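Single-structure report; data block below.
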Amino acid sequence: MTTHPDAPEGLLEALDAYEAALLTNDLDALDDAFVDAPGTMRGDDRGLLVGHDAISAFRGARGGVATRTLTRVEVRPLAEDLALVVSVSRFAAGGHGLQTQLWRRTTAHDDTGPVACWRIEAAHVTGRPRAFDPTVWRAVGDPLVAPSASGPLDGRTVAVKDLYAVPGQPVGAGNPTFLREAPVETAAAPAVAALLAAGAAIRGIARTDEFAYNLTGRNEHHGTPPNAADPTRLPGGSSSGSASAVGLGMADIGIGTDTAGSVRVPASYQGLWGLRTTHGTVPRDGLLPLAPSFDTVGWLTRDAETLLAVVDATVPDPGPAPAPTPLVVPEDLLALVDPDTASAFSAFTRCLDDEPDRVRLADLGVPAPDELRELLRLVQAAEAVAAHGAWIARHPGALSTVVGDRFAAAAANDPAATADAVQRLGVVRDTIRRALVGLTLVFPTVPGPAPLVSADAAALERSRTATTGLTSLASVGGLPAVSAPALTVDDAPVGVCLVGAVGTDRDLVRRARDLTTR
């Protein structure tokens, strides 16, 4: 390591100790290496973290860094207790990185009393170049699959959730064991083929939560894709890789699936546009199922116009657009969201040309949110076990803990309650569909901003329960739902969701675009 003759006393020793802590992932030592203040900063290609707590939470979820050595260190003293350090690192696996750090001399206390020490006040990390981000992608190409024709999506690139058949690729479903056994597909799923026929190219296969049975975006096998809007927060699942690819500008369109909110949730968490299509409108052939009664094709984009172009290329045109239907806010859904989100949503509705009326689901003849959530949970669980239970039984230990526990809980559900839910689904779905003829519901997509990456399993399960209370109405009803980036809560995005009648997919996107541009 190259030293610098003007380095203040103790600074290079502090730098060496910090590098040693990085290589051993000593979280306590790494926390201590940064100034414990709300203004401390750390930035990289995924975003800027401000505050010691935010940096600590990020580091706790990162899982360490690749083995490296410092090959050059330059020090520039700026003041008596302040120095700029720029270092070049060489990675054992190849490649170089660059770290720029602002170090401040502070005072710590040990058994002997106060002692001077150096801590990092600001840092920017330029990592080694990567062929692709393995937390976002399973496979990428330039392109991975070329367009099959020219059309309205010429020049657009697509991130395909790892549940769809893509020619020349197996379906991995977010699980390495499943991927190893999966056959190579010879033809594209119709939903994917429609994008190729409209001129889009497949950029790559994007990561997903295992078998799409999660809503966080965490994957113990591949890591967590970054939240493009806020690196301290989770990306949202199960279409997490597709959402992150779009949010980070790696693709223009993300094709995902939405069973219980797996397009709407990551769209809200990352400030994207996300559409869950009317159940059955877009063919699901070539799509690995989770719960066929609810599984739908959906897309994520950075803007409404791209989403509309995708809809035009994929969803049959029903003819002239109908007159706008009244907007109504379901109060019992609004009651499920965090107070700050409710306040931001109320401010949003007050700015509309006509402030929506508020109703209760019971006024529309629709079951309460808790009943819808439980109906969704039971039927989804039964169908998930039917789809994948035999494979899971043949591969003990292949699933991550969280998803494995979810499948185990699904298999343990009361058979009588499950049978009742399966029998009631058709009746409840018809009831919801009749209730929304001539109406459009509007409410926050999720209860609040995305959970922090440091959130524990219990907190994430609470978040899942609250979230499915909001998403279950469209899922049980088999209705289209669009999440539009419209709210900011705690400096993070929260979507506004519009749910409409069967077949109003295109009109919902147009209306959401008009409402949010106002």
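Keep in mind the model is a prediction, meaning the values are calculated, not measured. Counting from 1, the numbers follow the sequence of the chain as shown.
At most 12 non-hydrogen atoms from other residues, nucleotides or ligands lie less than 6.0 angstrom from CG of D354. Counting non-hydrogen atoms of neighbouring residues, nucleotides and ligands closer than 6.0 angstrom, the CG atom of D142 reaches no more than 12 such neighbours.
The aromatic ring centres of F407 and Y213 sit less than 6.0 Å apart.
Residues L327 and L439 are not in side-chain contact: their nearest non-hydrogen atoms beyond the backbone lie 4.5 Å or more apart. Between S240 and P225, the closest side-chain pair of non-hydrogen atoms falls below 4.5 Å. The shortest distance between side-chain heavy atoms of V166 and E185 does not fall below 4.5 Å. Looking only at side-chain heavy atoms (C-beta outward), D491 and D230 stay at 4.5 Å or farther from each other. R233 places none of its side-chain heavy atoms less than 4.5 Å from the side chain of P226. Between L361 and P367, every side-chain heavy-atom pair lies at or beyond the 4.5 Å cut-off. Put simply, the side chain of V329 does not reach to within 4.5 Å of the side chain of V359, judged on heavy atoms. Using a 4.5 Å heavy-atom cutoff, the side chains of I432 and L372 are in contact.
Side-chain atoms of T341 do not come within 3.5 Å of backbone N or O of V337 as any donor-acceptor pair. Between the S242 side chain and the S239 main chain, no donor and acceptor come within less than 3.5 Å of each other. With hydrogens and angles ignored, the 3.5 Å screen pairs a side-chain donor or acceptor of D154 with a backbone N or O of G151. Looking at N219, its side chain does come within 3.5 Å of a backbone N or O of T208 through a donor-acceptor pair. Side-chain atoms of D505 come within 3.5 Å of backbone N or O of T278 as a donor-acceptor pair. Put simply, the side chain of D490 never gets that close to the backbone of A492: no donor and acceptor are under 3.5 Å apart. The closest donor-acceptor contact from the side chain of T431 to the backbone of V427 lies under 3.5 Å. Within the 3.5 Å criterion, the main-chain N or O of P292 finds a donor-acceptor partner in the side chain of R284. With hydrogens and angles ignored, the 3.5 Å screen pairs no side-chain donor or acceptor of R406 with any backbone N or O of A381. Under a 3.5 Å cut-off, the side chain of S268 and the backbone N or O of R264 do not form any donor-acceptor pair.
A side-chain N or O of T306 and one of R156 form a donor-acceptor pair less than 3.5 Å apart. Looking at N214 and T216, their side chains do bring a donor and an acceptor atom within 3.5 Å of each other. Counted by atom type alone, N413 and T418 present zero donor-acceptor pairs between their side chains at under 3.5 Å. Looking only at atom types and distance, the side chain of S262 has no donor-acceptor partner in the side chain of D258 under 3.5 Å away. Between the side chains of T277 and R506, no donor-acceptor pair is found at a separation under 3.5 Å. Donor-acceptor pairing under 3.5 Å is recorded for the side chains of T325 and T440.
S472 and L376 get closest at one heavy-atom pair: CB-CD2, 3.8 Å. Residues Y269 and G448 share a closest heavy-atom pair of CE1-O, 4.2 Å. When all heavy atoms are compared, the tightest approach of V158 to A251 is C-CB, 4.1 Å. Across every non-hydrogen atom of V328 and P330, the tightest pair is O-CD, 3.6 Å. Shortest non-hydrogen contact noted between A146 and L196 is O-CD2, 3.6 Å. Taking both residues in full, the closest heavy atoms of L290 and Q380 are given as CD2-NE2, 3.6 Å, listed atom of the first, atom of the second, then distance.
Between atom NZ of residue K161 and atom CZ of residue R207 there is a gap of 14.0 Å, rounded to the nearest 0.5 Å. One finds the CZ atom of R203 at 6.0 Å from the CH2 atom of W137 (value rounded to the nearest 0.5 Å).
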Checklist entry - Should T135 and R46 be marked as a side-chain hydrogen bond (donor to acceptor under 3.5 Å, both in side chains) after you check the CA-CA gap, both sets of side-chain angles, and the distance that decides it? => result CA-CA 12 Å; T135 69; R46 293 190 173 192; 3.2 Å; yes
Next on the checklist: Show, in sequence, the C-alpha distance, side-chain angles and deciding distance for D303 and T301, and conclude whether the side-chain hydrogen bond (donor to acceptor under 3.5 Å, both in side chains) test is met.
Outcome noted: CA-CA 6 Å; D303 58 82; T301 63; 5.4 Å; no
Next on the checklist: Set out, in order, the CA-CA distance, both residues' side-chain angles and the distance that settles salt bridge (charged side-chain N to carboxylate O under 4.0 Å, His left out) for R373 and D370, then state yes or no.
Outcome noted: CA-CA 5 Å; R373 175 172 52 206; D370 285 350; 2.4 Å; yes
Checklist entry - Do T445 and S483 pass the side-chain hydrogen bond (donor to acceptor under 3.5 Å, both in side chains) test, and can you show the C-alpha distance, the side-chain angles, and the key distance before you say yes or no? => result CA-CA 6 Å; T445 306; S483 180; 2.9 Å; yes
Item to check | Derivation and outcome, salt bridge (charged side-chain N to carboxylate O under 4.0 Å, His left out), residues R360 and D363 | outcome: CA-CA 5 Å; R360 295 191 63 80; D363 299 332; 6.0 Å; no
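Among the candidates P451, P449, P266, the single residue satisfying the side-chain contact (heavy atoms from CB on, under 4.5 Å) test with L234 is P451.
Residue pairs meeting the side-chain hydrogen bond (donor to acceptor under 3.5 Å, both in side chains) criterion with at least one member in residues 244-253, sequence neighbours excluded: T157-D252, S244-Q270, D252-R302. Pairs of residues two or more places apart, or lying in two chains, that qualify as ring-ring contact (aromatic ring centres under 6.0 Å, His included) and include a residue from residues 152-178 are F178-F211, F178-W391.
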